[in-house]
Amino acid sequence: MGESVSNDDVDLSVSNIVLTVGNSMMGDDGAGPLLAKMIKDNPISGWSVLEGGSMPEDCLHLIRKAQPQRVIVVDAADIGEQAGEVRIIDPETIVDMYVVSTHSLPLNFLIDDLKTFVPEVIFVGIQPAIVAFSFPLTEMVQTAVETIYQRLPEWQGSGGFEHC
């Protein structure tokens, strides 16, 4: 099972924050926690990571304190693509997708709140293969997480990912 990453000692002086969402004990819903661990283990200059788990709204106070220029929210999301596909999810799409969610609060509420004080908020969704208790992260989703991690240092706009 994946390890949880602590939000203690997060550098809030950076202008870019990755907010990961998900549960590492729920198969591919562990995509966000894996990305958080990768960034903590191998920091990227100019970026900090906050692990939101299944209650990412609990990180809002830290993001407010940081006043970043950009927040990228990363979560497993059923976007109707092949497992491991990565898409930038537009705000109007989020409302339709998150009627039912594994999270305590629909992500569109979180993103709407972030947009009130962060100039650029981007939601990155990774298509899961399986989201079920005690299943491991699939290879396709792990590869997708690695791709996102590799693109962060030079991230511009949509990071080179398609929108849905």
Side-chain angles (χ1 to χ4, degrees), residues 2-24 26 28-79 85-98 101-128 141 144-164:
E3 300 172 36
S4 182
V5 174
S6 168
N7 287 329
D8 297 338
D9 302 323
V10 171
D11 179 4
L12 297 177
S13 67
V14 298
S15 59
N16 300 295
I17 292 177
V18 174
L19 175 59
T20 63
V21 183
N23 181 338
S24 60
M26 295 289 292
D28 288 339
D29 196 41
L34 174 61
L35 181 59
K37 183 170 179 5
M38 291 173 72
I39 295 170
K40 289 275 186 165
D41 290 350
N42 297 291
I44 299 169
S45 179
W47 289 87
S48 282
V49 64
L50 292 168
E51 184 174 13
S54 59
M55 294 176 44
E57 61 275 10
D58 287 352
C59 294
L60 280 171
H61 71 285
L62 294 171
I63 298 171
R64 278 187 204 283
K65 184 177 177 183
Q67 291 295 301
Q69 291 300 302
R70 173 171 42 197
V71 173
I72 296 177
V73 180
V74 179
D75 189 14
D78 188 356
I79 51 178
E85 287 294 313
V86 178
R87 294 289 184 271
I88 304 301
I89 302 174
D90 296 318
E92 55 277 359
T93 307
I94 297 169
V95 176
D96 297 334
M97 293 174 56
Y98 283 94
S101 172
T102 61
H103 313 305
S104 60
L105 193 69
L107 286 181
N108 58 304
F109 291 124
L110 172 76
I111 290 173
D112 287 347
D113 196 6
L114 285 170
K115 287 183 174 185
T116 65
F117 64 94
V118 178
E120 185 180 7
V121 179
I122 301 164
F123 179 32
V124 179
I126 303 169
Q127 176 68 50
V141 170
V145 170
E146 291 166 359
T147 299
I148 293 167
Y149 174 82
Q150 291 166 358
R151 291 189 185 180
L152 284 173
E154 304 299 323
W155 191 283
Q156 295 293 322
S158 299
F161 296 110
E162 292 179 35
H163 285 249
C164 71

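No donor-acceptor pair under 3.5 Å is formed between the side chain of Tyr149 and the backbone N or O of Ala144. A side-chain donor-acceptor contact under 3.5 Å links Asn7 to the backbone of Glu51. In this structure, the side chain of Ser48 engages the main chain of Asp11 through a donor-acceptor pair within 3.5 Å.
A side-chain contact (heavy atoms from CB on, under 4.5 Å) with Cys59 is found for exactly one of Leu19, Val21, Leu110, namely Leu19.
Between Gly46 and Val14, the shortest heavy-atom distance links the atoms O-CB, 3.5 Å. Taking every heavy atom of both residues into account, Val49 and Val10 meet most closely at O-CG2, 3.7 Å. Thr20 and Ala36 get closest at one heavy-atom pair: OG1-CB, 3.5 Å. Residues Pro33 and Ser24 approach most closely at CG-N, 3.9 Å, considering heavy atoms. Nearest heavy atoms, Asn16 versus Arg70: OD1-NE, 2.8 Å. Of all heavy-atom pairs spanning Pro56 and Leu107, the tightest one is CG-CD2, 3.8 Å.
The distance from the CE atom of Met38 to the CD atom of Gln150 is 7.0 Å, given to the nearest 0.5 Å. In this structure, CG in Asp75 is found 6.0 Å from CG in Asp29, a value given to the nearest 0.5 Å. Here the straight-line distance linking atom CG of Leu114 with atom CD1 of Ile72 works out to 12.0 Å at 0.5 Å rounding. Rounded to the nearest 0.5 Å, atoms CD1 (Ile17) and CD (Gln67) are 9.5 Å apart. For the atom pair Leu34 CG and Ile39 CD1, the distance stands at 10.0 Å (nearest 0.5 Å).
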(message) As a quick check of understanding, evaluate side chain to side chain contact (heavy atoms under 4.5 Å, CB included) for Ser158 and His163, giving each step before the final call.
(response) CA-CA 8 Å; Ser158 299; His163 285 249; 2.7 Å; yes

(message) As a quick check of understanding, evaluate side chain to side chain contact (heavy atoms under 4.5 Å, CB included) for Leu60 and Asp113, giving each step before the final call.
(response) CA-CA 9 Å; Leu60 280 171; Asp113 196 6; 3.2 Å; yes

(message) Go through it in stages, so that I can follow the logic: the residues are Glu162 and Ile88, the test is side chain to side chain contact (heavy atoms under 4.5 Å, CB included), and I'd like the CA-CA distance, side-chain angles, deciding distance and then a yes or no.
(response) CA-CA 6 Å; Glu162 292 179 35; Ile88 304 301; over 6 Å; no

(request) Please report the C-alpha distance between Val118 and Gln69 in whole Å, then the side-chain angles of each, then the deciding distance to 0.1 Å, and finally whether the side chain to side chain contact (heavy atoms under 4.5 Å, CB included) criterion is met. (result) CA-CA 6 Å; Val118 178; Gln69 291 300 302; over 6 Å; no

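Taking the ring centre of Phe123 as origin, the terminal cationic atom of Arg87 falls outside the region bounded by 6.0 Å and 45° from the ring axis.
Contact annotation: the side chain of Thr147 never approaches that of Val86 to less than 4.5 Å [non-hydrogen atoms, C-beta and beyond]. The shortest side-chain heavy-atom distance between Val145 and Ile126 falls under the 4.5 Å cut-off. The closest side-chain heavy-atom distance from Leu12 to Ile63 is not below 4.5 Å.
The aromatic rings of Trp155 and Trp47 lie perpendicular to each other, with more than 60° between the two planes, well past the 30° mark.
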